[in-house]
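Heads up: the structure comes next, in structure tokens.
Treat the numbers as computed from the prediction; the structure is a model and nothing was measured. Throughout, protein chains are lettered first and strands after them, A, B, ... in sequence-line order, and every chain is numbered starting at 1.
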Number of protein chains: 2
Amino acid sequence: MNIRRQITVLKNLPSAARQTQIRERFAERPGVSVSGLALEFDVSAMTIRRDLAVLEDQAHIQRTHGGAVLTQRMMLEFDYRGRRENNGAAKKAIAREARKLVQSGQRLILDTGTTTLELAVLLKDALNITVITPSLAVASELQHAPGVEVILLGGVIRRGSPDLTGPATEHCLELFAADLAFQGADGIGLDGAIYNSDLRLARVDKIMRRVATQSCVLADHSKIGQTALARNGTLADVDFFITNTAAPAAILKRFARLGPKIITVKP
Amino acid sequence: MNIRRQITVLKNLPSAARQTQIRERFAERPGVSVSGLALEFDVSAMTIRRDLAVLEDQAHIQRTHGGAVLTQRMMLEFDYRGRRENNGAAKKAIAREARKLVQSGQRLILDTGTTTLELAVLLKDALNITVITPSLAVASELQHAPGVEVILLGGVIRRGSPDLTGPATEHCLELFAADLAFQGADGIGLDGAIYNSDLRLARVDKIMRRVATQSCVLADHSKIGQTALARNGTLADVDFFITNTAAPAAILKRFARLGPKIITVKP
DNA sequence: AGCTAAACGAACATATTATAACATTTACAC
DNA sequence: GTGTAAATGTTATAATATGTTCGTTTAGCT
């Protein structure tokens with residue numbers, strides 16, 4: 001009876017919990033088998049395969065026939081509070097549109113943020129570009145891209161945040177000149193003000209726009225009308241503003257009058 | 001009777017109490033399911049979802065399909081060709097000796113390298129120090145240390161190497177002043193010359209010594225008598241040289257005449 | 001090489017869960 | 001009581017996860 005209850009703990013778990021459990025199996029054993037896990041968690045083998053496929057993307061295992069083993073290469077772990085993606089689809093669509101602005105040979109600046117991180121994913125197959133970023137996540141994403149040179153800005157590592165800020169970042173940024181800067185935002189005021197939830201990030205964002213010839217703000221519609229701690233400028237200072245069509249047309253029209261080219265995407 | 005009372009305790013609770021209870025579930029299980037909790041607390045699934053949404057904001061958990069799991073730190077992977085540790089014991093002993101040179105409140109520079117990485121491990125419990133480094137491995141190691149502020153230098157990410165180099169790194173380094181710089185070396189010539197196997201690292205090392213009041217070179221005996229591509233200076237430029245006792249005493253005596261304090265450790 | 005059993009992946013069908021909007025209940029002040 | 005706000009429940013629809021089937025690939029064997 002007791003045994004049964006303990007086993008039950010491993011059943012009827014949400015998929016993410018099951019995947020975490022699978023990962024922990026590697027602490028005990030060097031490898032796992034699909035059939036064994038299927039039995040253990042009382043799900044079909046197909047589900048385990050899908051779990052392993054997810055883990056292969058995220059969690060550094062290597063799939064084999066019949067199971068998986070730990071990845072060979074060594075990892076450096078950086079803290080990253082896995083925030084919930086709020087408008088994942090919109091962010092991806094916005095990133096796709098942003099990708100179209102990029103041409104071969106350009107030097108880009110990529111800000112911290114989930115939307116810019118999505119853009120980084122799409123830039124993996126770019127040719128001969130340089131990406132300057134304060135984000136360890138962006139750097140991690142692009143480090144293997146053959147056509148991309150990654151320059152990480154210096155600075156203080158904020159605890160629990162995968163990015164760099166501070167005076168050093170600002171000084172470091174001043175060393176560069178870029179063609180195009182992509183920035184996220186934690187809020188866009190109805191008057192077009194751009195907000196960050198962190199003062200240091202706001203200062204960095206301001207400098208990014210100065211050292212880049214053109215700049216582009218990426219924000220899904222949920223950010224519009226929101227404010228946050230620090231204002232880093234207004235849409236009058238940027239050249240492109242990309243959002244999704246769920247944003248009120250009247251407000252976008254007002255934003256357009258400030259100067260930036262407004263681009264909207266479907267989802 | 002007892003059982004009944006315990007079950008009853010879980011029903012008709014104010015929302016905050018229920019949320020606390022949910023949080024405690026994570027101590028027992030790897031994750032919780034919406035349907036299970038709904039049954040357990042005798043409320044609708046929607047209510048549980050709202051509870052989890054609240055708990056998610058408090059940063060403890062992460063919602064998933066079907067339930068929630070504890071927030072997991074996402075790993076940012078940086079390639080790290082795990083080189084074979086040649087004189088692991090000697091390097092650890094050298095790092096222990098280097099650790100003794102560090103005092104609270106100091107600003108340190110830690111170079112790239114396996115020996116300096118060992119030192120980073122020992123610095124985790126230091127109080128109120130600042131570590132400036134071009135090494136992602138060092139930064140990763142120290143990011144959670146409460147008494148350590150980590151400043152990562154900017155620069156180009158070398159493919160397959162966990163460190164930053166290039167003109168940006170050099171400029172960035174110039175922004176700082178430190179009390180003590182710790183450097184590794186790929187070779188120490190019999191004349192006291194310090195060698196790196198990478199030209200860019202050599203330039204960075206040279207600047208490190210300039211911006212630091214004192215400097216310390218860490219190298220096990222196998223490096224003595226070796227040369228490498230780039231010479232970044234000589235032992236006459238450094239204040240401390242730490243190696244292990246397997247190094248020939250005659251050569252160490254000659255090194256001492258150049259100026260640095262020579263420290264040897266047993267293994 | 002050729003064979004065989006196991007494992008894989010794609011596509012579809014099904015079941016479960018999430019979200020948003022609205023309806024209802026509860027709690028509490030007055 | 002009555003009004004109000006917060007919490008909870010309900011429903012329809014969308015999104016996601018899972019199971020199943022089947023043709024293909026793979027590992028291991030002779």
Side-chain angles (χ1 to χ4, degrees), chain A residues 8 10-23 25 30-59 61-69 82-93 114 118 220-226 244-248 265-267, chain B residues 8 10-23 25 29-58 61-69 72:
Chain A
T8 310
L10 295 180
K11 298 188 177 180
N12 296 322
L13 289 178
S15 58
R18 189 179 52 241
Q19 286 159 20
T20 303
Q21 286 296 113
I22 291 173
R23 233 161 64 171
R25 291 290 174 284
V32 296
S33 76
V34 170
S35 55
L37 290 172
L39 209 64
E40 187 173 1
F41 292 103
D42 196 25
V43 294
S44 74
M46 192 64 218
T47 299
I48 296 295
R49 275 185 214 110
R50 283 188 268 238
D51 285 340
L52 293 179
V54 170
L55 288 173
E56 188 175 39
D57 278 349
Q58 299 177 354
I61 66 170
Q62 194 150 2
R63 296 186 61 189
T64 62
H65 273 258
V69 295
R83 263 188 311 196
R84 183 169 178 65
E85 285 265 355
N86 257 337
N87 289 302
K91 281 172 178 163
K92 280 194 175 66
T114 49
E118 291 291 347
D220 63 81
H221 74 281
S222 71
K223 303 288 173 56
I224 295 175
Q226 299 286 317
N244 51 330
T245 46
V265 295
K266 287 150 293 174
Chain B
T8 311
L10 296 180
K11 299 189 176 180
N12 297 322
L13 286 179
S15 58
R18 188 180 52 241
Q19 286 160 20
T20 304
Q21 286 292 315
I22 291 173
R23 235 185 339 205
R25 290 291 175 284
R29 319 170 104 252
V32 297
S33 72
V34 170
S35 54
L37 290 172
L39 210 64
E40 188 172 1
F41 292 103
D42 195 26
V43 294
S44 74
M46 193 65 223
T47 300
I48 296 295
R49 281 189 204 102
R50 284 189 265 241
D51 286 338
L52 294 177
V54 169
L55 290 173
E56 186 178 44
D57 284 343
Q58 295 167 7
I61 65 165
Q62 177 155 11
R63 295 185 60 193
T64 65
H65 268 255
V69 294
Q72 51 187 337

Report summary line: Judged by nearest nucleotide, the residue sitting upstream toward the 5' end of DNA chain D, B:M46 or B:H65, is B:M46
Report task. To the nearest Å, give me how far apart CZ (B:R63) and C1' (C:dA18) are. Result -> 8 Å
Query raised in the report: In whole Å, what is the span from the CG atom of B:L37 to the P atom of C:dT16?
Result: 18 Å
Report task. Kindly give the heavy-atom pair with the smallest separation between B:G31 and B:V69, and that separation in Å. Result -> CA-CG1, 4.3 Å
Report task. Could you tell me which non-hydrogen atom of B:L55 sits nearest to which non-hydrogen atom of B:Q19, and how far apart they are? Result -> CD1-O, 3.9 Å
**Report entry** Heavy-atom closest pair, residues A:A247 and A:I224
**Finding:** CB-CD1, 3.6 Å
Report task. Let me know the distance between CD of A:Q19 and C1' of D:dT16, rounded to the nearest Å. Result -> 13 Å
Query raised in the report: CG of B:L52 versus C1' of C:dT17: gap in Å, rounded?
Result: 12 Å
Query - Short side-chain N/O contact from B:R18 to OP1 or OP2 of D:dT8, under 4.0 Å - result: yes
**Report entry** Atom pair distance, as rounded to whole Å: CZ in A:R49 and P in C:dA11
**Finding:** 16 Å
Report task. Tell me what A:S33 touches on the nucleic acid: a base, only sugar-phosphate, or nothing, going by heavy atoms under 4.0 Å. Result -> nothing
Requested in this report: Please examine the side chains of A:E40 and A:R25, heavy atoms only from C-beta on, and report whether any two atoms are closer than 4.5 Å.
Outcome: yes
Requested in this report: Take the protein atom CG of B:D42 and the nucleotide atom C1' of C:dT25, then report the distance between them rounded to whole Å.
Outcome: 15 Å
Query - Under 4.0 angstrom between A:S44 side-chain N/O and D:dT18 OP1 or OP2 - result: no
Report task. Give a yes or no on whether a donor-acceptor pair under 3.5 Å exists between the nucleobase atoms of D:dG9, that is its base, and the side chain of B:R50. Result -> yes
